[in-house]
Protein chains: 2
Amino acid sequence: MLLSKSCVYGLRASLYLASKRGNEFHSLKEISEELEISFHFLTKILQQLTAEGYLESYKGPNGGVRLSSNGQNATLFDLVIAIDGPGLFTQCALGLPGCGLQEPCPLHDHWVEARGKIENMLKRMTLNEIAEEGKEKHFRLTAEGEFSWQ
Amino acid sequence: MLLSKSCVYGLRASLYLASKRGNEFHSLKEISEELEISFHFLTKILQQLTAEGYLESYKGPNGGVRLSSNGQNATLFDLVIAIDGPGLFTQCALGLPGCGLQEPCPLHDHWVEARGKIENMLKRMTLNEIAEEGKEKHFRLTAEGEFSWQ
DNA sequence: CTTATTTAAGACTTATTTGTCTGAAAATAC
DNA sequence: GTATTTTCAGACAAATAAGTCTTAAATAAG
(Lines give C-alpha, C1' and ligand atoms only; values in the text may rest on other atoms or scores of the structure.)
Protein backbone atom coordinates (compact mmCIF):
# COMPACT_ATOMS: atom_id res chain seq x y z
CA MET A 1 0.00 0.00 0.00
CA LEU A 2 1.55 3.20 -1.21
CA LEU A 3 -0.08 5.47 1.35
CA SER A 4 -1.27 4.65 4.86
CA LYS A 5 -4.92 3.92 5.50
CA SER A 6 -5.17 7.15 7.50
CA CYS A 7 -3.78 9.09 4.60
CA VAL A 8 -6.08 7.51 2.04
CA TYR A 9 -9.07 8.30 4.25
CA GLY A 10 -7.92 11.88 4.65
CA LEU A 11 -7.53 12.31 0.91
CA ARG A 12 -10.91 10.80 0.12
CA ALA A 13 -12.70 12.92 2.71
CA SER A 14 -11.02 16.08 1.43
CA LEU A 15 -11.96 15.20 -2.13
CA TYR A 16 -15.51 14.58 -0.92
CA LEU A 17 -15.65 18.07 0.55
CA ALA A 18 -14.18 19.53 -2.62
CA SER A 19 -16.84 17.75 -4.64
CA LYS A 20 -19.63 19.64 -2.89
CA ARG A 21 -20.97 22.94 -4.17
CA GLY A 22 -20.74 26.05 -2.07
CA ASN A 23 -18.07 24.95 0.41
CA GLU A 24 -20.54 24.44 3.20
CA PHE A 25 -19.96 22.54 6.42
CA HIS A 26 -20.52 18.81 6.18
CA SER A 27 -20.78 16.68 9.28
CA LEU A 28 -18.23 13.99 9.89
CA LYS A 29 -21.14 11.61 10.22
CA GLU A 30 -22.24 12.33 6.68
CA ILE A 31 -18.75 11.93 5.30
CA SER A 32 -18.04 8.72 7.16
CA GLU A 33 -21.30 7.21 5.98
CA GLU A 34 -21.01 8.31 2.38
CA LEU A 35 -17.43 7.11 2.10
CA GLU A 36 -17.86 4.07 4.34
CA ILE A 37 -15.08 5.04 6.72
CA SER A 38 -15.23 4.52 10.48
CA PHE A 39 -16.63 7.66 12.08
CA HIS A 40 -14.31 7.93 15.04
CA PHE A 41 -11.22 7.12 13.10
CA LEU A 42 -12.11 9.64 10.43
CA THR A 43 -12.67 12.21 13.15
CA LYS A 44 -9.10 11.81 14.35
CA ILE A 45 -7.66 12.01 10.88
CA LEU A 46 -9.61 15.12 9.95
CA GLN A 47 -8.59 16.76 13.21
CA GLN A 48 -5.06 16.50 11.94
CA LEU A 49 -5.95 18.25 8.70
CA THR A 50 -7.80 20.88 10.69
CA ALA A 51 -4.75 21.42 12.88
CA GLU A 52 -2.64 21.82 9.73
CA GLY A 53 -5.00 24.44 8.37
CA TYR A 54 -6.47 22.59 5.43
CA LEU A 55 -9.92 22.19 7.00
CA GLU A 56 -12.10 24.41 9.14
CA SER A 57 -14.43 22.92 11.69
CA TYR A 58 -17.48 24.14 13.56
CA LYS A 59 -19.09 22.53 16.58
CA GLY A 60 -22.77 22.34 17.30
CA PRO A 61 -26.00 21.31 15.61
CA ASN A 62 -25.16 22.90 12.27
CA GLY A 63 -21.49 22.12 12.57
CA GLY A 64 -19.13 20.06 10.54
CA VAL A 65 -15.99 20.54 8.49
CA ARG A 66 -15.24 22.27 5.25
CA LEU A 67 -12.13 23.03 3.21
CA SER A 68 -10.34 26.19 4.31
CA SER A 69 -9.17 28.50 1.54
CA ASN A 70 -5.73 26.99 2.07
CA GLY A 71 -7.34 23.59 1.67
CA GLN A 72 -9.14 24.46 -1.54
CA ASN A 73 -5.86 25.48 -3.07
CA ALA A 74 -3.89 22.64 -1.56
CA THR A 75 -2.73 19.65 -3.54
CA LEU A 76 -3.05 16.05 -2.49
CA PHE A 77 0.71 16.16 -1.99
CA ASP A 78 0.25 18.74 0.80
CA LEU A 79 -2.25 16.48 2.53
CA VAL A 80 -0.03 13.42 2.19
CA ILE A 81 2.84 15.33 3.81
CA ALA A 82 0.52 16.47 6.61
CA ILE A 83 -0.66 12.95 7.42
CA ASP A 84 2.08 10.53 6.42
CA GLY A 85 5.08 12.86 6.51
CA PRO A 86 7.66 13.20 3.75
CA GLY A 87 9.21 9.72 3.97
CA LEU A 88 7.84 8.39 0.69
CA PHE A 89 9.54 11.22 -1.18
CA THR A 90 12.83 11.29 0.66
CA GLN A 91 13.74 7.78 1.69
CA CYS A 92 15.79 5.22 -0.22
CA ALA A 93 13.76 2.43 -1.84
CA LEU A 94 15.94 -0.06 0.08
CA GLY A 95 15.58 1.93 3.29
CA LEU A 96 19.27 2.78 3.44
CA PRO A 97 20.15 5.94 5.34
CA GLY A 98 22.74 7.95 3.46
CA CYS A 99 21.73 6.69 0.03
CA GLY A 100 21.86 9.57 -2.44
CA LEU A 101 23.67 10.87 -5.50
CA GLN A 102 26.88 10.13 -3.69
CA GLU A 103 27.09 6.44 -2.91
CA PRO A 104 23.73 5.33 -4.29
CA CYS A 105 22.00 1.96 -3.85
CA PRO A 106 21.27 -0.06 -7.01
CA LEU A 107 17.78 1.42 -7.28
CA HIS A 108 18.59 5.03 -6.60
CA ASP A 109 18.33 6.70 -9.98
CA HIS A 110 15.17 4.90 -11.03
CA TRP A 111 13.56 5.38 -7.64
CA VAL A 112 14.20 9.13 -7.81
CA GLU A 113 12.44 9.11 -11.17
CA ALA A 114 9.52 6.96 -10.02
CA ARG A 115 8.94 8.93 -6.86
CA GLY A 116 9.03 12.08 -8.96
CA LYS A 117 6.10 10.64 -10.89
CA ILE A 118 4.26 9.94 -7.65
CA GLU A 119 4.98 13.44 -6.46
CA ASN A 120 3.75 14.93 -9.70
CA MET A 121 0.62 12.77 -9.56
CA LEU A 122 -0.18 14.29 -6.19
CA LYS A 123 0.93 17.85 -6.96
CA ARG A 124 -0.39 18.47 -10.41
CA MET A 125 -3.78 19.73 -9.38
CA THR A 126 -5.35 21.46 -6.41
CA LEU A 127 -8.42 20.03 -4.72
CA ASN A 128 -10.53 22.64 -6.49
CA GLU A 129 -9.12 21.71 -9.84
CA ILE A 130 -9.75 18.02 -9.26
CA ALA A 131 -13.30 18.89 -8.29
CA GLU A 132 -13.81 20.77 -11.55
CA GLU A 133 -12.52 17.85 -13.56
CA GLY A 134 -14.57 15.47 -11.44
CA LYS A 135 -17.81 17.17 -12.51
CA GLU A 136 -17.29 15.90 -15.99
CA LYS A 137 -15.40 12.68 -15.39
CA HIS A 138 -17.32 11.48 -12.34
CA PHE A 139 -14.18 10.18 -10.66
CA ARG A 140 -14.92 7.44 -8.21
CA LEU A 141 -14.50 8.14 -4.46
CA THR A 142 -15.91 4.86 -3.15
CA ALA A 143 -15.86 1.19 -4.00
CA GLU A 144 -19.27 1.52 -5.62
CA GLY A 145 -18.27 3.41 -8.76
CA GLU A 146 -18.90 6.77 -10.30
CA PHE A 147 -19.42 9.63 -7.90
CA SER A 148 -21.57 12.71 -8.29
CA TRP A 149 -19.30 15.75 -8.18
CA GLN A 150 -21.52 18.78 -7.78
CA MET B 1 7.81 3.14 3.02
CA LEU B 2 7.33 1.76 -0.45
CA LEU B 3 8.18 -1.83 0.38
CA SER B 4 7.79 -3.69 3.67
CA LYS B 5 10.77 -4.13 5.95
CA SER B 6 10.70 -7.86 5.25
CA CYS B 7 10.84 -7.21 1.56
CA VAL B 8 13.67 -4.72 1.78
CA TYR B 9 15.67 -7.19 3.87
CA GLY B 10 14.97 -9.96 1.35
CA LEU B 11 16.13 -7.77 -1.53
CA ARG B 12 19.29 -6.66 0.24
CA ALA B 13 20.24 -10.19 1.23
CA SER B 14 19.66 -11.46 -2.30
CA LEU B 15 21.76 -8.62 -3.71
CA TYR B 16 24.44 -9.49 -1.16
CA LEU B 17 24.52 -13.07 -2.42
CA ALA B 18 24.58 -11.87 -6.00
CA SER B 19 27.55 -9.65 -5.16
CA LYS B 20 29.68 -12.61 -4.17
CA ARG B 21 31.86 -14.44 -6.64
CA GLY B 22 31.29 -18.10 -7.39
CA ASN B 23 27.78 -18.47 -6.06
CA GLU B 24 28.87 -20.29 -2.96
CA PHE B 25 26.83 -20.86 0.18
CA HIS B 26 26.90 -18.02 2.66
CA SER B 27 25.64 -18.48 6.20
CA LEU B 28 22.68 -16.48 7.39
CA LYS B 29 24.86 -15.36 10.26
CA GLU B 30 27.33 -13.77 7.89
CA ILE B 31 24.63 -12.05 5.89
CA SER B 32 22.78 -10.75 8.93
CA GLU B 33 26.00 -9.36 10.39
CA GLU B 34 27.25 -7.78 7.17
CA LEU B 35 23.93 -6.18 6.41
CA GLU B 36 23.03 -5.43 10.03
CA ILE B 37 19.73 -7.27 9.90
CA SER B 38 18.34 -9.33 12.76
CA PHE B 39 19.47 -12.92 12.32
CA HIS B 40 16.28 -14.70 13.23
CA PHE B 41 14.04 -12.38 11.29
CA LEU B 42 16.25 -12.65 8.22
CA THR B 43 16.11 -16.44 8.58
CA LYS B 44 12.34 -16.36 8.27
CA ILE B 45 12.38 -14.07 5.28
CA LEU B 46 14.98 -16.07 3.40
CA GLN B 47 13.05 -19.26 4.09
CA GLN B 48 10.26 -17.69 2.07
CA LEU B 49 12.57 -17.03 -0.86
CA THR B 50 13.90 -20.57 -0.56
CA ALA B 51 10.35 -21.94 -0.64
CA GLU B 52 9.67 -19.86 -3.77
CA GLY B 53 12.75 -21.29 -5.47
CA TYR B 54 14.94 -18.20 -5.63
CA LEU B 55 17.42 -19.45 -3.04
CA GLU B 56 18.92 -22.84 -2.26
CA SER B 57 19.84 -23.75 1.29
CA TYR B 58 22.08 -26.34 2.89
CA LYS B 59 22.15 -27.35 6.53
CA GLY B 60 25.21 -28.24 8.56
CA PRO B 61 28.61 -26.79 9.42
CA ASN B 62 29.39 -25.72 5.85
CA GLY B 63 25.83 -24.79 5.11
CA GLY B 64 24.18 -21.56 4.18
CA VAL B 65 22.17 -20.14 1.34
CA ARG B 66 22.97 -19.19 -2.21
CA LEU B 67 21.02 -17.95 -5.23
CA SER B 68 19.44 -20.74 -7.25
CA SER B 69 19.77 -20.48 -11.02
CA ASN B 70 16.19 -19.17 -10.99
CA GLY B 71 17.33 -16.63 -8.44
CA GLN B 72 20.33 -15.46 -10.43
CA ASN B 73 18.07 -14.74 -13.34
CA ALA B 74 15.26 -13.31 -11.25
CA THR B 75 14.54 -9.62 -11.05
CA LEU B 76 13.90 -7.66 -7.88
CA PHE B 77 10.28 -7.51 -9.06
CA ASP B 78 10.03 -11.31 -8.74
CA LEU B 79 11.31 -11.13 -5.19
CA VAL B 80 8.96 -8.30 -4.25
CA ILE B 81 6.01 -10.35 -5.53
CA ALA B 82 7.22 -13.36 -3.55
CA ILE B 83 7.49 -11.44 -0.28
CA ASP B 84 5.00 -8.57 -0.40
CA GLY B 85 2.60 -9.90 -3.01
CA PRO B 86 1.33 -7.99 -6.03
CA GLY B 87 -0.67 -5.31 -4.22
CA LEU B 88 1.62 -2.38 -4.97
CA PHE B 89 1.21 -3.02 -8.69
CA THR B 90 -2.48 -3.80 -8.77
CA GLN B 91 -4.22 -1.72 -6.16
CA CYS B 92 -5.75 1.73 -6.55
CA ALA B 93 -3.71 4.57 -5.03
CA LEU B 94 -6.80 5.49 -2.98
CA GLY B 95 -7.40 1.88 -2.02
CA LEU B 96 -10.68 1.69 -3.89
CA PRO B 97 -11.73 -1.78 -5.03
CA GLY B 98 -13.06 -1.68 -8.57
CA CYS B 99 -11.04 1.34 -9.62
CA GLY B 100 -9.79 0.83 -13.15
CA LEU B 101 -10.06 2.13 -16.70
CA GLN B 102 -13.79 1.97 -16.26
CA GLU B 103 -14.85 4.24 -13.42
CA PRO B 104 -11.42 5.47 -12.32
CA CYS B 105 -10.54 7.44 -9.18
CA PRO B 106 -8.98 10.89 -9.67
CA LEU B 107 -5.46 9.48 -9.48
CA HIS B 108 -5.92 6.46 -11.69
CA ASP B 109 -4.14 7.37 -14.89
CA HIS B 110 -1.14 8.92 -13.21
CA TRP B 111 -0.89 6.14 -10.69
CA VAL B 112 -0.83 3.55 -13.47
CA GLU B 113 2.05 5.49 -14.99
CA ALA B 114 3.94 5.90 -11.72
CA ARG B 115 3.56 2.31 -10.71
CA GLY B 116 4.76 1.33 -14.17
CA LYS B 117 7.94 3.23 -13.37
CA ILE B 118 8.29 1.36 -10.09
CA GLU B 119 7.69 -1.93 -11.86
CA ASN B 120 10.28 -1.11 -14.48
CA MET B 121 12.76 -0.06 -11.81
CA LEU B 122 12.44 -3.52 -10.28
CA LYS B 123 12.22 -5.48 -13.51
CA ARG B 124 14.84 -3.91 -15.66
CA MET B 125 17.74 -6.03 -14.54
CA THR B 126 18.28 -9.49 -13.11
CA LEU B 127 20.22 -10.00 -9.91
CA ASN B 128 23.20 -11.12 -11.95
CA GLU B 129 23.06 -8.03 -14.09
CA ILE B 130 22.87 -5.75 -11.07
CA ALA B 131 25.89 -7.56 -9.65
CA GLU B 132 27.85 -6.92 -12.82
CA GLU B 133 27.02 -3.24 -12.72
CA GLY B 134 27.74 -3.17 -9.00
CA LYS B 135 31.34 -4.22 -9.59
CA GLU B 136 32.02 -0.93 -11.26
CA LYS B 137 29.58 1.36 -9.49
CA HIS B 138 29.99 -0.03 -5.97
CA PHE B 139 26.29 0.34 -5.20
CA ARG B 140 25.62 0.67 -1.52
CA LEU B 141 23.93 -2.23 0.31
CA THR B 142 24.22 -0.87 3.85
CA ALA B 143 23.95 2.43 5.65
CA GLU B 144 27.73 2.72 5.67
CA GLY B 145 28.31 3.50 2.01
CA GLU B 146 29.98 1.91 -0.95
CA PHE B 147 29.94 -1.87 -1.05
CA SER B 148 32.51 -4.27 -2.48
CA TRP B 149 30.83 -6.23 -5.26
CA GLN B 150 33.17 -9.11 -6.12
C1' DC C 1 -30.94 27.17 31.84
C1' DT C 2 -31.63 22.51 29.65
C1' DT C 3 -31.33 19.42 25.92
C1' DA C 4 -29.41 17.87 21.74
C1' DT C 5 -25.85 17.74 18.42
C1' DT C 6 -21.50 18.43 16.85
C1' DT C 7 -16.24 18.33 17.01
C1' DA C 8 -12.10 17.62 20.14
C1' DA C 9 -9.15 14.73 22.58
C1' DG C 10 -7.47 11.11 25.16
C1' DA C 11 -7.81 6.32 26.61
C1' DC C 12 -8.37 1.85 25.20
C1' DT C 13 -8.61 -2.25 22.01
C1' DT C 14 -7.65 -4.94 17.98
C1' DA C 15 -4.98 -6.19 14.02
C1' DT C 16 -0.78 -6.41 11.69
C1' DT C 17 4.09 -5.98 11.16
C1' DT C 18 8.44 -6.46 13.00
C1' DG C 19 11.32 -8.81 15.66
C1' DT C 20 13.00 -12.56 19.37
C1' DC C 21 13.30 -17.15 21.18
C1' DT C 22 13.14 -22.18 21.41
C1' DG C 23 13.36 -26.63 19.83
C1' DA C 24 13.80 -29.83 15.82
C1' DA C 25 16.09 -31.62 11.80
C1' DA C 26 20.04 -32.10 8.79
C1' DA C 27 24.89 -32.21 7.93
C1' DT C 28 30.02 -32.51 9.26
C1' DA C 29 33.90 -33.93 12.02
C1' DC C 30 35.87 -36.59 15.50
C1' DG D 1 27.67 -42.28 18.68
C1' DT D 2 28.53 -37.42 20.27
C1' DA D 3 29.24 -32.58 19.68
C1' DT D 4 28.81 -28.72 16.87
C1' DT D 5 26.89 -25.87 13.42
C1' DT D 6 23.65 -24.81 10.25
C1' DT D 7 18.76 -24.11 8.42
C1' DC D 8 13.78 -25.00 9.48
C1' DA D 9 9.64 -23.94 11.76
C1' DG D 10 6.61 -22.64 15.15
C1' DA D 11 5.66 -20.02 19.35
C1' DC D 12 6.05 -15.81 21.57
C1' DA D 13 6.77 -10.76 22.32
C1' DA D 14 7.17 -5.93 21.11
C1' DA D 15 6.10 -2.16 18.16
C1' DT D 16 3.15 0.12 15.17
C1' DA D 17 -1.03 0.90 12.52
C1' DA D 18 -5.77 0.80 12.47
C1' DG D 19 -9.78 1.15 14.75
C1' DT D 20 -13.30 1.78 18.93
C1' DC D 21 -15.00 4.04 23.00
C1' DT D 22 -15.65 7.60 26.49
C1' DT D 23 -15.66 12.08 28.10
C1' DA D 24 -15.33 17.06 27.44
C1' DA D 25 -16.13 21.36 25.12
C1' DA D 26 -18.63 24.27 21.89
C1' DT D 27 -22.88 25.65 19.61
C1' DA D 28 -28.01 26.09 18.57
C1' DA D 29 -32.77 25.89 19.86
C1' DG D 30 -36.45 26.06 23.02
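In what follows, every chain begins at residue 1, and chains take the letters A, B, ... in the order their sequences are listed.
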Student: Do A:Phe41 and A:Leu141 belong together in a cluster built from hydrophobic side chains that touch within less than 4.5 Å?
Tutor: yes
Student: Tell me, please, the opening and closing nucleotides of DNA chain D, 5' to 3', among those with an atom under 4.0 angstrom from a non-hydrogen atom of chain B.
Tutor: D:dT5 to D:dA11
Student: Could you tell me the separation between the CG atom of B:Leu28 and the C1' atom of C:dT20, rounded to a whole number of Å?
Tutor: 15 Å
Student: Under 4.0 Å between a Lys/Arg side-chain N and an Asp/Glu carboxylate O for A:Arg140 and B:Glu103?
Tutor: yes
Student: Counting distance alone, no hydrogens or angles: does the base of C:dG19 have a donor or acceptor under 3.5 Å from a partner atom on the side chain of B:Lys44?
Tutor: yes
Student: B:Phe25 near the nucleic acid: base, sugar-phosphate alone, or nothing, with a heavy-atom cut-off under 4.0 Å?
Tutor: nothing
Student: Could you check whether B:Asp84 and B:Ser4, counting side-chain N and O atoms only, form a donor-acceptor pair closer than 3.5 Å?
Tutor: yes
Student: Strictly under 4.0 angstrom, non-hydrogen atoms only: write out the protein contact profile of nucleotides 23-30 of chain C, one letter per nucleotide from the 5' end, B, S or -.
Tutor: --BBBB--
Student: Would you say B:Ile45 and B:Phe25 are hydrophobically clustered, going by side-chain heavy atoms of ILVMFWY under 4.5 Å?
Tutor: no
Student: Tell me the interatomic distance from A:Glu30, atom CD, to C:dT5, atom C1', rounded to whole angstroms.
Tutor: 15 Å
Student: For C:dA4, give the paired nucleotide (Watson-Crick: N1-N3 plus N6-O4 or O6-N4; G-U: N1-O2 and O6-N3; both under 3.5 Å), or none.
Tutor: D:dT27
Student: A:Val112, B:Leu76: one ILVMFWY side-chain cluster at the under-4.5 Å cut-off?
Tutor: no
Student: Looking only at heavy atoms, what is the nearest atom pair of B:Leu2 and B:Met121, with distance?
Tutor: CD2-CE, 4.3 Å
Student: Can you name the closest pair of heavy atoms from B:Ala18 and B:Leu127 and give their distance?
Tutor: CB-O, 3.9 Å
Student: Expressed in angstrom and rounded to an integer, what is the separation of A:Arg66 atom CZ from C:dT6 atom P?
Tutor: 17 Å
Student: Can you find a side chain N or O atom of A:Ser57 that sits less than 4.0 Å from OP1 or OP2 on C:dA8?
Tutor: yes
Student: Can you tell me how far C1' of C:dG19 sits from CD1 of B:Ile45, to the nearest Å?
Tutor: 9 Å
Student: Knowing that exactly one of A:Gln72, A:His26, A:Glu56, A:Glu24 qualifies, which makes a side chain to side chain donor-acceptor pair (under 3.5 Å) with A:Arg66?
Tutor: A:Glu56
Student: C:dT6 C1' sits how many Å from A:Glu56 CD, rounded?
Tutor: 16 Å
Student: In whole Å, I'd like the distance from the CD1 atom of A:Ile31 to the P atom of C:dT6.
Tutor: 12 Å
Student: Specify the separation, in whole Å, of atom CZ of B:Phe41 and atom P of C:dT22.
Tutor: 18 Å
Student: For A:Leu46 and C:dA8, give me the distance from atom CG to atom P, rounded to whole Å.
Tutor: 9 Å
Student: Taking for each residue the nucleotide of DNA chain D bearing the nearest heavy atom, is the 5' side occupied by B:His26 or by A:Ser38?
Tutor: B:His26
Student: Would you call A:Lys117-B:Glu113 a salt bridge at under 4.0 Å N-O?
Tutor: yes
Student: It should be established whether A:Lys29 places a side-chain nitrogen or oxygen under 4.0 Å from OP1 or OP2 of nucleotide C:dT6.
Tutor: no
